[in-house]
Each structure stands twice: as C-alpha cells, then as structure tokens.
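Scroll down for the structure; my scribbles are underneath it.
Lettering follows sequence order; numbering is per chain, from 1.
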Amino acid sequence: MLVEQHLSQSIKSAVTSLYGVNIEDKQIQIQKTKREFEGDFTLVVFPLLKISKKKPEDTANEIGEYLKSNLPAIQSFNIVKGFLNISLNHSFWSNVLNTIAQTVDYGFAKPNSSGKTKMVEFSSPNTNKPLHLGHIRNNLLGFSVARLLEANGHGAVKVNLVNDRGIHICKSMVAWKKFGKGETPETNNLKGDHLVGHYYVLFEKEYRKQVEELKLQGLSEEEAKVKAPIILEAQEMLRKWEAKDSDVYSLWETMNQWVYDGFDVTYKEMGVEFDKIYYESQTYLLGREIVNDGLKKGIFHRKTDGSVWVDLTDDGLDEKLLLRADGTSVYMTQDIGTASQRFSEYQLDDHIYIVGNEQEYHFKVLKLILSKLGYSWANHLYHLSYGMVQLPEGKMKSREGKVVDADDLMEEMVATAYDMSKEFGKLNDANEDEAASIVKMVGLGALKYFILKVDPKKNMTFNPKESIDFNGNTGPFIQYTHARIQSVLRKANESNIPVPQTLSSSLSMEGKERELVKLLSMFTSYVEQAGEQLSPALIANYVYDLAKEYNQFYHDFSILKEPNEAIRDLRLILSRETGNIIRLAMWLLGIDVPSRM
RNA sequence: GGCCCCGUAGUUCAAUGGAUAGAAUAGCGGUUUCCUAAACCGUAGAUCCAAGUUCGAUUCUUGGCGGGGCUACCA
C-alpha cells in the first residue's frame, strides 16, 4: 500500500537523478524482506542493471545512499547480492500504525467511488434439484468477488440466472404427477428443492427401467432411450409448457415455487444474497433479433436446412450453432441477448460470470461472437472459471457420480463444530442461543475458508475434518485468534485500562511487533490486488498469515501485565487493529467472526 | 484425434521470473507459576521427465508422461 508506493516513488526519482533515465513502475520490484535478512522492504536491483550499467552491488549501494540522504524515514540499508534491503525507522512505523488505527475503522473505499459498475453472475442453479457442493464453491466465490469489488470502490451488482425451464424440470413434473399422490413440501415436511429433486431421481429411475425393458424387446440402446414412454411424456409436457397450456403452466409455477422457497433457505444459511434474480423462462427468447441482425450483416450464415451458424474456424475454433432449423434459440443465443440487455440496462463496465471450467469453451465463443458483432464491451466479459470440488471419499469412488448435497454438508459442518466445542469444554458458560450462533459461524466458517483459500481454477479436495480443525490454515483458527483478541480487549476494559486511539510516542518496535505492523500495513494492497485478480484466495492466505503472526506475538508478550505503560499501549493498539483487520478480511470472504468462542 | 486446465513434502494448499521453494497437517522430540493449551517451540520431508530462453525458471517456450474437462440442433 502506501509504504511500498512511497518507496517506489522515491526509487524512481533516485534512478532518474542517478542515471538520468525515467523508468516504469514495472521495473521496480519491491517485496517484503524475507525473515532471514535484516530489513523491512527489499528492492530487487537486477532489472535496473541495464540502466545503471554497473554491478548489482554498486547499483544497490548508489540507490541506497541516495534514499538514505533523501528519505528521512530510512534508518539503514544493507546489500546482499542484487538485493537492497531497506530498514525504516521507528517513528516511521509508529506513524504507519497510527494511520492504520485512524483509517481502518472506516472500512474500505466509498461505494461507487470508482464510478464503475460491475455485474457478478453466480450460482445459476437448475430448478430440478437442490444445490450441491459445486454450487457452494460457486456461491462463495461469487459473493466474495462482489465484496472485493465493492471494497475497491466499484458498484457490484450480484445476479443469479435461474434455469427454471426446459426438459429437466418437466421430468420432475412428470414423475410428480405419476408417483406423487399430491405430495407437497408441507405434507412431507421436506424442503421444496429436495422434494422436487426426489421426483427427478424417481424419473431417472423409471426411465432407466423402461429403457432396459425396451432393450429386452430387442431395441438398441439409442432407440430405447428415444422411445421410452416416460421420456416422451416429458417432451410432450415441454411442448405444452411452450404452448402455455394452463394446467402444465400452473404445475410448473407451483413446483418451481417450492424450489425457490428451498433455495432461499439454503442461500440464507450460506449467507449469500442477490440484487436481482433473472429467470430463463423470461430471457430465453432474447438474442434472436441480434442473431438475425448479424445474419443480415453477413457475420453469420444460414445452412440449407434453415439453421443459423457462426464460423469461427479462422479463430481456431469450430462452427457454432446459434438458431436451430426450426428457428428456436440455443443457450448461446440467449447469452448473447442477456449480455446485451444487461450492459445497456445497467451501464456496466464489466460483467463477471462465475461458472465452472467445463464451460470455458462456451464463454470463449460468446466473447468472440460479441466482438464480431462489434460490441465494444465484448472485452469486458470475464469468465471466472473454477474447478471441481471433491470430498476425500469421492476420490475413491468417483464412478458413482454421487452428488454432495449443500444443505446436508452445511448441517454436518455445524454439527461437527458443536461436537468439538463440547469435547473441548468450550461454550459452557454461553447460553443456548449464543452457543448455537457461535457454532454456526465456526462450522460454516470452516467450510467457506477452506474452499476460498484455494486457487479457483484448480480442482480441489474438500476435507471436512481438516477444515474444521482449530489448528492450521483453517477458518476456525482465524476466528479463534479474533476471539482471543476480543477477550484481551474485554479484560482491558474490565480492568479500566483504556486502549488509546493513537500511539503518543515513537516507541521502538522490533521483532514480532514490527512484523505485525508490516503485515497490517499491507492489508489494503492485498485487497486491491485481490480485487483486480478476482481472487478471494489472496485475502484468505493473507489473513491466515496475519492470524499466525498475531498468535506468535500473543504468545511472546504479556499484554495486560506489561509494566511499561507505553509498551502496553502499543500492544493493545496492535491487538485491536489486528482484530479489526481480521474482521474486515473475513467480511470480504463472507465469513462471520464471533467475538468469543 | 483436436482444443483448454492441472501436476510442488505421505496428505491438503502457497510462492508479480528473484535470495536457502513457504505453510499446515500427519510423524518424531519438547514446552503448562502465562491475558482462551482450540496455544507455542524444535526436527525430518517436495518442484513429473527432457531440452531451450537468461544474471536467475516451480513460474516462460517446445516435446514427452500422468490426471481432469470441452469437442450436442442439451441447458
């Protein structure tokens, strides 16, 4: 943040003054000095050698001398090979800590201070079954990315595109009519999405059975799959839906509503929300006009059967269908339409899609088509692609295709948190409501942190047991650190020890204290970086480092029993600010932090 | 077959082309007159292979090997 920028500017002018050359920011590489070496920040001088035309050591020395005589904040410097290690003085670090203390409470950039609006589409479930583990990664990423954007001063619009129409929901409807006996979420005391999902499973079961029967009668697999009566029923139902048959339509509305009610519960439990929900039944016709326009302009072409295609072979891709022979649209057509609609409706600067990596090709094609159509915003679509999440046991028997239900998993996490708290004898003096709320924060925090800390594009294994461990790189460990900080502050308050707003004198900060200030000072630069890269993982790994650093600091020093008041004040401020920043960082990840646990 | 992504300690994850590749966990050995032992300290252990680019490569390029995905008039 400020510290690095400040240094970076000074180094720029050093180079200009020493070698008479203006350099770009890229050429200045400043990093936090590694622990083994003395210093706070390190300049890598190798990139500057071409300009100085001198040996690494000499170049580093010249820059070091220049900085020392021109920047009062510089205490000393040392050189190891091509690395210039710079130490900043005590009063500088006191100022940094004071700045943090004054600004951190205000949080982040003002909303919309950048003047940019960015849409984040995430979740996008089908309405024929409940959310599963993959949706959890999707939802958490989307929600956190939106917060990162807000923290950087952008307007973030969170939207969900619900796939509420198509053959899949008709399958559930057919099965419900066939086997349902009028069951509802109320009669079965079951979440609506689970009930509808149950019928989807029943449909698939019956479908497989009928296919087997037909095969016994001598039909081939392909024939049987097309001729099974139940699939014909589902297709008939889809046709009736498209013709707005009133019976079918109202059943469709009823069952979808069950599902939405169920989804709402899941989203609420997960702590995610949307600014707007789009429904495919209302958007699936969009895009056709644009395609027809493109056809007139010769960007697309029509085949003899009447279907419309785009030829992307010059761009190293395939031909892609845009309108079927019967004139109906496909997924791509709809995405062209909705993107166009959204950009004009919201005056968007960027549109981020949180979608699994199996659709990378789709989004590549979408962007390409849109830029062929001449939309200037085509380059402002981002596909944040993420990999699969597995459970440890899923690795063994991945054949099954068994899905992990989101509701079940969250419930299990909270239950585990409860058991562990009990086992450790915690929460004994909390009342039931408090305990329930803390246990929920811990259980879900474990899940969220474990998933978010991993680079999105990688496939990952979610290990529930490991995630909820109170040791290690886990959510609960960070939450625990925060809780302990709050405990220190509470005790200070009880003993009438005030925590000062700012540090009055410039104390010498060494070792752990100094490391902690350094880490704290880097928070905003991590938020910026994470915002640019749409990477919650960056924040997660940062906040873990911070929590670990505080733990060691905490262990090494008596905070409240420190006889020297000035030093005690310093440590109290450090504790408070660490707590504040942990809370802010966890907020960015969508993770709640209890003040005791 | 073509295209895309991934490959790092036993395991789960890090590392804008930078210093001796970091953590955590599991293992082994320690620490309790201490504000939360749900802690802390020590120890051992890894870049899939081969070439290339350069002051320097886990990172970039090429070729292998291994894992996953896409390659529907499905959504």
Side-chain angles (χ1 to χ4, degrees), chain A residues 26 29-31 33-37 42 44-47 49 55-56 80-83 85 124 126 128 163 165-169 280 284 303 305-309 316-318 320-332 334-335 356-362 364 385 387-388 390 392 398 420-421 423-426 442 450 453-455 457-463 465-474 476-477 479-481 483-492 494-495 529 533 537-538 540-541 544-545 548 551-552 554-562 571 575 596-597:
Chain A
K26 270 194 297 194
Q29 289 182 36
I30 295 177
Q31 47 198 242
T33 301
K34 293 210 171 195
R35 269 172 206 277
E36 315 85 89
F37 301 98
T42 296
V44 184
V45 298
F46 290 110
L49 298 184
K55 285 186 205 159
V80 182
K81 295 184 206 166
F83 299 90
N85 301 320
S124 308
N126 289 358
N128 61 326
N163 184 8
R165 63 162 281 279
I167 191 73
H168 52 88
I169 179 70
E280 278 205 13
Y284 78 111
K303 291 200 173 171
D305 64 0
S307 57
V308 176
W309 296 74
L317 304 174
D318 300 324
K320 192 82 193 173
L321 177 84
L322 296 174
L323 289 176
R324 297 193 186 97
D326 62 8
T328 55
S329 52
V330 293
Y331 195 40
M332 186 66 73
Q334 182 191 158
D335 269 0
N357 59 13
E358 68 275 9
Q359 293 200 34
E360 261 164 25
Y361 185 74
H362 172 83
K364 220 179 195 171
S385 156
M388 232 175 62
Q390 292 182 314
S398 57
M420 291 184 76
S421 300
E423 189 190 323
F424 285 110
K426 298 284 162 179
V442 172
F450 197 97
K453 74 170 187 186
V454 180
D455 182 356
K457 75 181 170 202
K458 289 189 176 173
N459 290 347
M460 67 174 293
T461 304
F462 172 67
N463 186 330
K465 255 212 175 97
E466 216 172 276
S467 79
I468 209 162
D469 198 331
F470 292 93
N471 295 324
N473 189 353
T474 65
F477 171 77
Q479 290 171 318
Y480 164 65
T481 304
R484 205 162 50 180
I485 288 170
Q486 298 316 308
S487 169
V488 168
L489 297 176
R490 265 197 305 274
K491 292 236 156 83
E494 283 163 13
S495 327
Q529 227 180 312
Q533 297 175 22
L538 228 55
N541 286 297
Y544 170 64
D545 280 347
K548 202 169 56 149
N551 259 289
Q552 290 166 4
Y554 175 88
H555 187 261
D556 283 8
F557 301 116
S558 289
I559 297 172
L560 297 172
K561 291 178 185 150
E562 169 64 49
R571 291 177 184 167
S575 295
R596 51 177 296 199
M597 57 190 277

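Not one side-chain nitrogen or oxygen of A/Arg571 sits closer than 4.0 Å to the OP1 or OP2 atom of B/C35. Between A/Ser558 and B/C35, a side-chain N or O to OP1/OP2 separation shorter than 4.0 Å is absent. At B/U20, one or more side-chain N or O atoms of A/Lys81 fall inside 4.0 Å of OP1 or OP2 (strictly under the cut-off). For the OP1/OP2 pair of B/G7 and a distance below 4.0 Å, the side-chain nitrogens and oxygens of A/Lys458 include at least one atom meeting the criterion. A sub-4.0 Å separation between OP1 or OP2 of B/U20 and a side-chain N or O of A/Lys34 is absent.
When the nucleotides B/C6, B/U25, B/A14 are ranked by their closest atom to the side chain of A/Asp455, B/A14 comes out on top. Of the candidates B/A37, B/C35, B/A75, the closest approach to any side-chain atom of A/Val488 belongs to B/C35. Listed nucleotides: B/U36, B/U16, B/A75. Nearest to the side chain of A/Arg484: B/U36. For A/Lys457, counting side-chain heavy atoms from C-beta on, the closest listed nucleotide (B/C5, B/U16, B/A75) is B/C5. Nearest to the side-chain atoms of A/His555 among the listed nucleotides B/C40, B/G18, B/A75 stands B/C40. The A/Ile559 side chain lies nearest to B/C35 when the options are B/U36, B/A14, B/C35. Distance from the side chain of A/Gln31 is smallest for B/A19 among the nucleotides B/C13, B/A19, B/A24. Counting only heavy atoms from C-beta on, A/Gln552 has its side chain closest to B/C41 among B/C41, B/U16, B/C5. The A/Leu560 side chain lies nearest to B/C35 when the options are B/A24, B/C35, B/U71. The side chain of A/Glu466 approaches B/U12 more closely than any other nucleotide in the set B/A19, B/A75, B/U12.
Considering only residues two or more places apart in sequence or on other chains, A/Asn459 meets the side chain to side chain donor-acceptor pair (under 3.5 Å) condition with none of them.
With a cut-off of 3.5 Å on both pairing distances, the Watson-Crick or G-U wobble partner of B/G63 is B/C49. Pairing for B/U32 is absent, with no Watson-Crick or G-U wobble pair whose two atom distances lie under 3.5 Å. Across all strands shown, B/G2 is found opposite B/C70 as a Watson-Crick or G-U wobble partner, with both distances under 3.5 Å. Nucleotide B/U12 forms a pair with B/A23, judged by Watson-Crick or G-U wobble geometry with both contacts under 3.5 Å.
For the P atom pair drawn from B/U43 and B/G22, the interatomic distance equals 13 Å after rounding to whole Å. The same atom, C1', is picked in B/U59 and in B/A14; the two are 13 Å apart, to the nearest Å.
Contact annotation: side chain of A/Thr42 to base of B/A19, donor-acceptor pair present below 3.5 Å.
If you take NZ of A/Lys453 and P of B/G22, they are 18 Å apart, rounded to a whole angstrom. Taking atom CD1 on A/Ile30 and atom P on B/U16, their separation rounds to 17 Å, with Å as the unit. Summarising the geometry, the separation between CG on A/Asn357 and P on B/U71 is reported as 12 Å, rounded to the nearest angstrom. Here the C1' atom of nucleotide B/G22 and the CG atom of A/Asn541 are 11 Å apart, to the nearest Å. Atom OH of A/Tyr554 is separated from atom C1' of B/C34 by 8 Å (rounded to the nearest Å).
Nearest heavy-atom pair, A/Val488 versus A/Leu560, reported as atom, atom and distance to 0.1 Å: O-CD1, 4.0 Å.
Annotation: side chain of A/Leu322 is not in contact with side chain of A/Trp309 (no heavy-atom distance under 4.5 Å). Residues A/Leu49 and A/Phe46 are in side-chain contact: their nearest non-hydrogen atoms beyond the backbone lie under 4.5 Å apart. Between A/Phe462 and A/Val454 there is no side-chain heavy-atom pair separated by less than 4.5 Å.
The aromatic ring of A/Phe83 does not sit over the base of B/G18, since the test of centres under 5.5 Å and planes under 30° is not met. Aromatic stacking is marked for A/Phe46 over B/G18, as both cut-offs hold: 5.5 Å for the centres and 30° for the planes. Residue side chain A/Phe37 meets the stacking definition with respect to B/A19: its ring centre sits within less than 5.5 angstrom of the base's six-membered ring centre, and the planes differ by less than 30 degrees.
No engagement by A/Glu36 is indicated, since no non-hydrogen atom pair under 4.0 Å with the nucleic acid exists.
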